[in-house]
Amino acid sequence: MSWLPLSFGAPMVLWGLLALPVIWYLLRLTPPRPRTEVFPPLRILARVLRREETPHQSPWWLTLLRLLMAALVVTALAEPIFNPREKLPAEGSALALVIDNDWASAADWGKRVATAERLIADAGSNGVPVVIAFTAEKPNAEIGPFDASAALDRLRAAKPRPIPTDRPAVYARVAATLERLPGASVAVLADGLAATGDEAAFKTLLERNAARLVWATSDRLSLTGLTGADNQVDGFTLTAIRAPGDPAPAQITAGAFDDKGRRIADATLTFAPGQTTATGTMKVPFELRNDFASIALDGEHQAGAVRVLDESSKRRRVGLLSQAEADQAQPLLSPLYYIRRALQPFADLVEPSSADLADAIPQLLDQKPAMIIMADVGTIPAQVRQRLVDWVNNGGTLVRFAGSRLAAAGNDDDLLPVRLRSGERALGGALSWTTPQPVTEFLKNGPFADLAPPTEVTVSRQVLAEPTPDIVERTWATLADGTPLVTGMKKDKGTLALFHVTPEATWSNLPISGSFVEMLRRIVQLSRNQGAAVANAEAAAASLAPYRMIGADGALVPPTPDARPLVPAAGPLPVTLENPPGVYGSETGVFAHNLLNASSTFTPLARPQVSLPVTAIPYAFDESENLKGPLVTLALLLMVLDTLAVFWMGGLFSRRPRRAAATAAALLIVFGGLFGHADFARADDSKPGDSQAIEDISKTRIAYVITGEPGVDSISRAGLEGLTRFLIEKTALEPGPPAGVDISKDELTFYPLIYWPIDATAPMPSEAAIARIDAYMQQGGTVLFDTRDQFSNGIGAGSASPATERLRDILGNLNVPPLEPVPSDHVLTKSFFILPEFPGRFNGSPLWVEASLDASNTENRPVRTGDGVSPIMITGNDFAGAWAVDENGDPMLPTVPPDPMQRVYALRAGVNIMMYMLTGNYKSDQVHVPVLLERLGQ
């Protein structure tokens with residue numbers, strides 16, 4: 001039974017409202033209790049002639065209040081629900097719940113979970129088992145079937161993953177499970193993005209054992225992703241994509257962050273109407289661009305909106321050097337012309353102002369380039385040669401091109417990757433071939449391994465390398481006759497490379513080919529700024545450990561337990577649970593593994609065309625609200641008001657002001673406990689320090705005297721904390737945390753026991769402080785003095801330690817009763833544990849207490865009669881040292897001798913002392929119970 005926006009889970013209970021007229025009639029005939037008044041004798045005579053009046057019916061307003069309370073109770077029992085939701089089709093032999101928990105679901109994951117919870121709840125109410133599977137989890141994850149409670153637990157434990165879905169594999173597993181549960185309802189909670197293999201996956205899931213399809217998707221696919229971040233000449237160019245079908249223009253902002261998470265640059269990207277791609281540029285200086293570690297779109301809390309960057313995204317500074325004079329009339333013959341054209345899009349080029357190598361090379365090195373290209377440079381001047389060699393050894397990349405000067409210069413083992421033959425090889429010469437030679441192979445150990453050899457490139461002239469044993473290892477590209485075209489090698493942290501042809505199109509047409517640009521780009525990517533990691537072919541082939549991962553919400557997080565090392569490759573790598581997006585490597589160098597690449601697009605997921613009944617539901621939170629609790633609360637409130645009205649009509653508030661005030665205060669406290677926090681203290685009753693006093697007396701707390709010595713005070717506190725833990729563990733007493741007290745000013749009456757460690761180096765208490773201690777002891781408190789020196793000769797002994805001397809000085813100003821060691825029949829030995837002695841960290845001193853001078857122990861009673869609570873106790877066994885524990889509960893100090901049971905007995909002694917302090921003669925009476933029962937004949 002329902003009517004919007006209200007429905008009832010048990011509507012038949014509402015028939016109870018028909019009883020309200022009967023309740024009205026009964027309440028009207030049942031008057032409230034007559035007011036009772038007690039008069040003095042003289043007041044009785046003043047009213048003796050008055051007629052006694054008794055109300056014959058309840059007041060209308062009280063009757064109405066009670067009727068309203070009854071109506072609220074009946075309505076609450078009918079389980080009213082405000083804004084009820086429609087029950088979802090979770091029926092059949094089972095409910096198969098297939099949920100996309102990939103990166104695209106992270107932004108509205110809460111709505112997806114709420115939708116799945118409603119489906120599981122409805123399945124549970126129908127007694128239907130639940131098969132629950134996630135499309136971005138491990139392939140061997142258990143999928144059920146489960147009961148509703150277990151399914152809810154698995155749903156709440158799931159979380160979005162920063163990887164794509166794997167619908168074909170997961171749907172196949174669900175379909176295999178449904179073979180045992182034909183006629184199931186299948187609920188697909190998709191992320192809205194189409195993926196490869198979707199059509200076959202839906203066919204596998206729905207064609208055989210499904211009886212109904214529940215299709216849940218977002219109203220609109222509003223994802224925006226970042227597919228490119230390229231470091232160009234004038235700035236960082238960004239490319240973003242969105243799903244098609246949105247005709248409105250849109251603007252988004254992107255931020256660049258360094259490796260510490262600081263935002264250092266911004267850009268705006270604009271989607272034109274109907275366009276799915278937007279671009280923008282971060283125009284910032286070259287040095288600042290090289291600090292970019294990641295770029296993220298604002299407002300997009302998912303992994304596709306974040307790109308991490310590695311060394312390949314940083315622009316290198318490249319120095320160019322040539323000995324040839326530039327011919328302005330024939331620029332195509334300049335040795336550096338084609339090099340400039342090839343490198344300018346992805347590197348910052350610097351050239352020296354001088355043609356003299358002795359000046360030009362230092363000028364380039366001062367610019368701190370990542371790479372230097374020498375076009376037909378012969379002999380390096382001796383005064384700068386060592387500096388150039390050091391630059392290479394420290395991580396620089398030196399690329400040299402052949403020419404007549406280099407051919408005549410001779411070999412240089414420090415600045416050439418291979419040894420060269422003297423002279424050059426030319427078409428028609430002594431070392432010649434009859435036809436130009438093509439490029440046939442890019443070797444696997446070089447940076448060009450994944451490039452296709454340019455079949456259109458031919459070489460008619462070159463410098464030859466000497467055939468050495470390692471020539472093959474140092475060859476990156478070869479000609480058809482097997483001679484090297486490009487050679488290279490690692491030299492310490494740097495790289496040496498040599499093109500065996502000139503950089504202009506005189507010896508070969510390589511400089512005017514597209515392959516020349518890509519070859520130079522690969523070598524630039526090999527280069528690293530001084531001191532950075534080197535990404536050579538060997539490192540590229542090795543696996544890189546996970547370093548920082550992109551979470552499903554787009555945040556950079558530490559590696560997850562599922563992450564595994566990644567083997568870099570030239571092409572796009574798949575993003576999986578074992579290799580989630582992020583950076584791999586270490587602080588010395590990383591490899592960026594991003595979720596989206598330049599070819600990524602967002603294609604909306606189409607609902608499969610099936611012959612099954614289909615129910616489409618949106619992702620939404622459950623906005624229905626059960627009104628049973630609020631109605632019961634309101635009924636209780638009316639019950640409190642009814643009780644107050646009855647008290648008022650009975651004259652409770654008018655005739656007994658004090659009692660009425662107490663009753664009202666009690667009712668208000670009950671009301672506050674039921675319906676929230678309330679503060680009924682009057683402002684004029686509160687005093688400074690009242691709140692602290694209430695806190696101190698709310699729980700039993702053991703106090704210790706603050707001596708002013710940090711070491712002594714820390715042990716005292718740790719010891720009382722250890723005793724407190726032991727009391728909570730072994731007894732029904734749950735003390736509060738220990739309290740340190742300054743005996744000269746703090747209130748002492750709040751504490752039943754004060755532990756006072758005597759230290760000779762601590763300042764002597766003032767007379768006023770000792771007088772406060774004396775008053776505390778006279779008013780029922782007890783002070784446990786601990787000299788911690790294992791003295792056992794008595795207080796009046798002739799020879800004493802400094803601590804004992806200080807104790808004598810203190811006790812000389814106190815009213816100390818006669819003392820004796822604890823007798824064997826004292827209540828302290830039996831107040832909780834049976835203890836013959838009271839050890840601490842030491843075990844040589846007795847525990848002194850007030851002497852029971854008038855006590856007797858007739859007829860072999862367990863304890864002597866007349867025991868009182870001693871106001872003073874003295875020991876030298878260092879109780880606090882034995883009780884002291886650290887934050888982990890481990891003992892801080894060893895016992896002497898090192899006996900583990902001695903610490904246990906010390907803690908038991910502390911328990912007996914506390915029980916004695918809190919119960920006194922009660923414990924004495926308790927141990928006499930067997931004798932009393934025997935005398936009574938029980």
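Numbers here are sequence positions counted from 1. Keep in mind that this is a model prediction, so the values were computed, not measured.
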Practice problem: Applying salt bridge (charged side-chain N to carboxylate O under 4.0 Å, His left out), run through R717 and D713 and close with a yes or a no. | Solution: CA-CA 6 Å; R717 182 168 188 85; D713 294 341; over 6 Å; no

Quiz item: Could you go step by step and tell me if E729 and R725 meet the salt bridge (charged side-chain N to carboxylate O under 4.0 Å, His left out) rule?
Solution: CA-CA 6 Å; E729 179 182 352; R725 292 187 184 186; over 6 Å; no

Quiz item: Does the pair Y776 and V783 meet the rule for a side chain to side chain contact (heavy atoms under 4.5 Å, CB included), with working shown?
Solution: CA-CA 9 Å; Y776 166 77; V783 180; 3.8 Å; yes

Quiz item: Where do W883 and L907 land on the side chain to side chain contact (heavy atoms under 4.5 Å, CB included) test, with the steps shown first?
Solution: CA-CA 6 Å; W883 299 337; L907 289 168; 3.4 Å; yes

Exercise. Could you check V896 against D878 for side chain to side chain contact (heavy atoms under 4.5 Å, CB included), going step by step and ending with a plain yes or no?
Key: CA-CA 10 Å; V896 181; D878 192 6; over 6 Å; no

Quiz item: Step by step, would you call D298 with R263 a salt bridge (charged side-chain N to carboxylate O under 4.0 Å, His left out)?
Solution: CA-CA 12 Å; D298 294 336; R263 190 177 183 122; 2.9 Å; yes

Quiz prompt | Pair R161-D102, side chain to side chain contact (heavy atoms under 4.5 Å, CB included): steps then yes or no | solution = CA-CA 5 Å; R161 304 283 191 176; D102 61 324; 6.0 Å; no

Quiz item: After noting the C-alpha distance and the side-chain angles of D759 and R788, does the key distance pass the salt bridge (charged side-chain N to carboxylate O under 4.0 Å, His left out) rule?
Solution: CA-CA 8 Å; D759 189 271; R788 302 172 297 125; 3.2 Å; yes

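In this structure, N594 and V308 approach most closely via the heavy-atom pair OD1-N, 2.8 Å. Considering all non-hydrogen atoms of both residues, A803 and T787 come closest at CB-O, 3.5 Å. Shown here for I715 and A884, the closest heavy-atom pair between the two residues is O-CB, 4.1 Å. A pairwise comparison of heavy atoms in H301 and A106 identifies O-CB, 4.0 Å as the closest pair. Scanning both residues, P546 and A563, for their nearest heavy atoms gives CG-CB, 3.8 Å. Smallest separation of non-hydrogen atoms from I120 and A148: CG2-O, 3.5 Å.
Counting heavy atoms from C-beta on, the side chains of V827 and Y916 come closer than 4.5 Å. When side chains are defined from C-beta on, P765 counts as touching I743, because their heavy atoms get closer than 4.5 Å. Looking at R841 and N877, their side chains never come closer than 4.5 Å, going by heavy atoms from C-beta outward. Counting heavy atoms from C-beta on, the side chains of Q902 and P897 come closer than 4.5 Å. Contact annotation: the side chain of D310 never approaches that of V583 to less than 4.5 Å [non-hydrogen atoms, C-beta and beyond]. With a 4.5 Å cut-off on side-chain heavy atoms, M914 and I702 count as touching. Residues P752 and T700 are in side-chain contact: their nearest non-hydrogen atoms beyond the backbone lie under 4.5 Å apart. Considering only heavy atoms from C-beta on, S831 comes within 4.5 Å of N912 through its side chain.
A side-chain donor-acceptor contact under 3.5 Å links D746 to the backbone of D742. At distances below 3.5 Å, at least one donor-acceptor pair connects side-chain atoms of D786 with backbone N or O atoms of F879. With E709 contributing its side chain and G711 its backbone, the two residues share no donor-acceptor pair below 3.5 Å. Of the possible polar contacts, none joining the E767 side chain to the I770 backbone as a donor-acceptor pair under 3.5 Å is found. Using a distance-only test at 3.5 Å, with no hydrogens or angles considered, a donor-acceptor pair links the side chain of D258 to the main chain of G261. Without hydrogens or angle criteria, H593 side chain to Y584 main chain gives no donor-acceptor distance under 3.5 Å.
No hydrogens or angles considered: nothing links the side chains of D147 and S149 as a donor-acceptor pair under 3.5 Å. For the 3.5 Å distance criterion, the side chains of T560 and D562 fail to qualify, holding no donor opposite an acceptor. E137 and N101 share a donor-acceptor pair across their side chains, judged by distance under 3.5 Å alone.
The distance from the CE atom of M873 to the CZ atom of F785 is 12.0 Å, given to the nearest 0.5 Å. With values rounded to the nearest 0.5 angstrom, R701 atom CZ is found 14.0 Å from L753 atom CG. A distance of 12.5 Å separates CD of E300 from CG of D553, quoted to the nearest 0.5 Å. Rounded to the nearest 0.5 angstrom, T829 OG1 and E837 CD are separated by 12.0 Å. Rounding to the nearest 0.5 angstrom, the gap separating the CD atom in E747 from the OG1 atom in T749 is 3.5 Å. Distance check, rounded to the nearest 0.5 Å: OG of S824 to CG of L828 gives 12.5 Å.
Using bins of under 30°, 30° to 60° and over 60° for the plane-to-plane angle, the ring pair W109/F134 lands in the tilted bin.
Residues forming a side chain to side chain contact (heavy atoms under 4.5 Å, CB included) with S716 (at least two apart in sequence, or on another chain): Y704, V712, Y755, P757. For D259, the side chain to side chain contact (heavy atoms under 4.5 Å, CB included) criterion is met by A293, not counting sequence neighbours.
When each of T707, T804, I810 is paired with I758, the side chain to side chain contact (heavy atoms under 4.5 Å, CB included) condition holds for I810 and for no other.
For Y905, the OH atom sits in a loose shell: 12 or fewer heavy atoms of surrounding residues, nucleotides or ligands are nearer than 6.0 Å.
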